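I have placed the structure first, in the form of structure tokens, so that the comments after it can refer back to it.
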Amino acid sequence: MSTPIAIRAEELRKSFGKKEVLKDLSLYVRSGCLFGFLGENGAGKTTTMNILTGILLPQHGRVQILGETLTPENAPLRRRIGAVHDSYGLFEQMTGEEHLLFSASIHGLDPAAIPGRMRELFALLDLAEGAATRIHEYSHGMKKKLALACALIHDPEVLFLDEPFEGMDVLSARRVMENLRQLTRRGKTVFLTSHILEIVEKLCDEVAIVAHGQVAWQQDLKDLPADSSLEQVFLNISSGAGAKPILSWAR
């Protein structure tokens, strides 16, 4: 029996003014997969993720999550999704505890389950000491971790993470990676972007690389040849494979 598809994007197009960002981009992600989505700055990663999570609407194409079409009206489907975006989307006058409680409530989490999950997430992400602190006083790394806690508290079936390890200390990043693996062992699907190719190659099951608004490469990493690496594939696809300018005083 074939594995169900958790995320399916078909022929997505998106332009901002005269700039065409996505050009018939298509991809699919299997259920229970830890999926890495890579590309150079400006390649279309963030736009793709915003469409996959319903923040943006494509001008053409469609998105299916868990077999259902993603639309602004499909609120029950959105509750099955968790996401951490590059802007975090935090209400910074709230305390960390208030914001996590708010996130749990809007996702319809059983009130009896909320206190226990909050304690576990604050412990996992080393945020307990900042629970009563207003978010505008948080460091960049603390905001990242709080946004992740808000995305995890309702136990989503599909989790989207934009640069989840940026600004995290080594121990927190390791704990997060271990928990992401645990989520996929339970059948959850994780879709993440990252500039840290070593982490993606170590952590992810499958990877897609976007270039010029299209998926240029998608493959299960276990099928990567032994004499190759994800970095080599990325450089061959991106403009990084060409000659790079050298500073005049560094020659």
Side-chain angles (χ1 to χ4, degrees), residues 6-7 31-35 49-50 52-55 65-66 70 74-194 199 203-204:
I7 304 168
S31 294
C33 181
L34 218 163
F35 189 88
M49 194 166 120
N50 286 342
L52 295 179
T53 54
I55 290 178
I65 307 291
L66 301 169
L70 183 67
N74 196 340
L77 177 58
R78 289 169 178 266
R79 292 194 187 100
R80 300 168 71 187
I81 297 170
V84 176
H85 293 278
D86 56 351
S87 61
Y88 304 152
L90 300 172
F91 298 104
E92 298 204 355
Q93 292 306 311
M94 287 184 172
T95 66
E97 187 174 41
E98 289 169 344
H99 205 295
L100 194 51
L101 177 60
F102 169 72
S103 296
S105 301
I106 63 172
H107 282 103
L109 188 60
D110 180 357
I114 294 175
R117 291 194 184 187
M118 289 179 64
R119 283 194 299 272
E120 286 190 45
L121 285 165
F122 278 133
L124 169 70
L125 297 168
D126 289 327
L127 284 172
E129 292 185 3
T133 303
R134 295 196 184 277
I135 297 167
H136 68 80
E137 298 179 33
Y138 277 22
S139 68
H140 174 74
M142 290 176 70
K143 290 178 182 178
K144 171 76 76 174
K145 290 192 281 189
L146 179 62
L148 179 58
C150 292
L152 288 170
I153 193 165
H154 61 294
D155 194 23
E157 294 173 60
V158 180
L159 181 63
F160 292 92
L161 304 174
D162 194 359
E163 297 290 344
F165 307 109
E166 183 186 28
M168 275 196 193
D169 60 88
V170 174
L171 290 177
S172 294
R174 180 179 292 274
R175 288 188 199 125
V176 169
M177 284 189 275
E178 290 171 353
N179 277 270
L180 293 181
R181 290 193 188 98
Q182 181 64 28
L183 287 174
T184 57
R185 285 194 286 268
R186 291 173 51 215
K188 311 290 187 178
T189 305
V190 179
F191 181 106
L192 65 86
T193 73
S194 178
I199 288 180
L203 181 65
C204 293

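Treat the numbers as computed from the prediction; the structure is a model and nothing was measured.
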| query | Are K144 and V176 close enough, and set up right, to give a side chain to side chain contact (heavy atoms under 4.5 Å, CB included), and what steps lead you there? | reply | CA-CA 12 Å; K144 171 76 76 174; V176 169; over 6 Å; no

| Residues M118, L101; criterion side chain to side chain contact (heavy atoms under 4.5 Å, CB included); working and verdict | CA-CA 8 Å; M118 289 179 64; L101 177 60; 4.2 Å; yes

| query | Please walk me through it: do R117 and D110 pass salt bridge (charged side-chain N to carboxylate O under 4.0 Å, His left out)? | reply | CA-CA 11 Å; R117 291 194 184 187; D110 180 357; over 6 Å; no

| Verdict with reasoning, R175 to D126, per side chain to side chain contact (heavy atoms under 4.5 Å, CB included) | CA-CA 10 Å; R175 288 188 199 125; D126 289 327; 2.7 Å; yes

| task | Run the numbers on D155 and R186 for side chain to side chain contact (heavy atoms under 4.5 Å, CB included), then give the verdict. | result | CA-CA 11 Å; D155 194 23; R186 291 173 51 215; 2.9 Å; yes

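Expressed to the nearest 0.5 Å, how far CG of L152 lies from CG of L183 amounts to 6.5 Å. The distance from atom CG of N179 to atom CG of L159, rounded to the nearest 0.5 Å, is 11.0 Å. Going from atom CG of L161 over to atom CG of L148 covers 6.0 Å, rounded to the nearest 0.5 Å. A distance of 6.5 Å separates OG of S31 from CG of L66, quoted to the nearest 0.5 Å. L127 CG to S172 OG: the interatomic distance, rounded to the nearest 0.5 Å, is 8.0 Å. The line from CG of L90 to OH of Y138 is 9.0 Å long, rounded to the nearest 0.5 Å.
Here the shortest heavy-atom pairing between I81 and H154 reads O-NE2, 3.0 Å. Summarising the geometry of H85 relative to M49, their closest heavy-atom pair is ND1-CE, 3.8 Å, with the distance given to 0.1 Å. Between L121 and A149, the closest heavy-atom pair is CD1-O, 3.5 Å. Between F91 and H99 the shortest heavy-atom distance is N-NE2, 3.0 Å. The two residues V158 and A6 make their nearest non-hydrogen contact at CG2-CB, 4.4 Å. The minimum heavy-atom distance between L192 and S194, with the atom names listed, is CD1-CB, 4.1 Å.
Not a single donor-acceptor pair under 3.5 Å links the side chain of R79 to the backbone N or O of H107. With hydrogens and angles ignored, the 3.5 Å screen pairs a side-chain donor or acceptor of E98 with a backbone N or O of T95. A donor-acceptor pair under 3.5 Å is formed between the side chain of T189 and the backbone N or O of G32. Although no hydrogens or angles enter the test, the distance criterion places no donor-acceptor pair under 3.5 Å between the side chain of T184 and the main chain of C33.
Heavy atoms from other residues, nucleotides or ligands lying under 6.0 Å from CD of E129 number 12 at most. R181 CZ: more than 12 foreign heavy atoms inside a 6.0 Å radius.
Remark: K143 engages E92 in a salt bridge, criterion side-chain N to carboxylate O under 4.0 Å.
Ring-plane geometry between F160 and F191 is classed as tilted, the angle between the planes lying from 30 to 60 degrees on a 0 to 90 degree scale.
F35 places none of its side-chain heavy atoms less than 4.5 Å from the side chain of I7.
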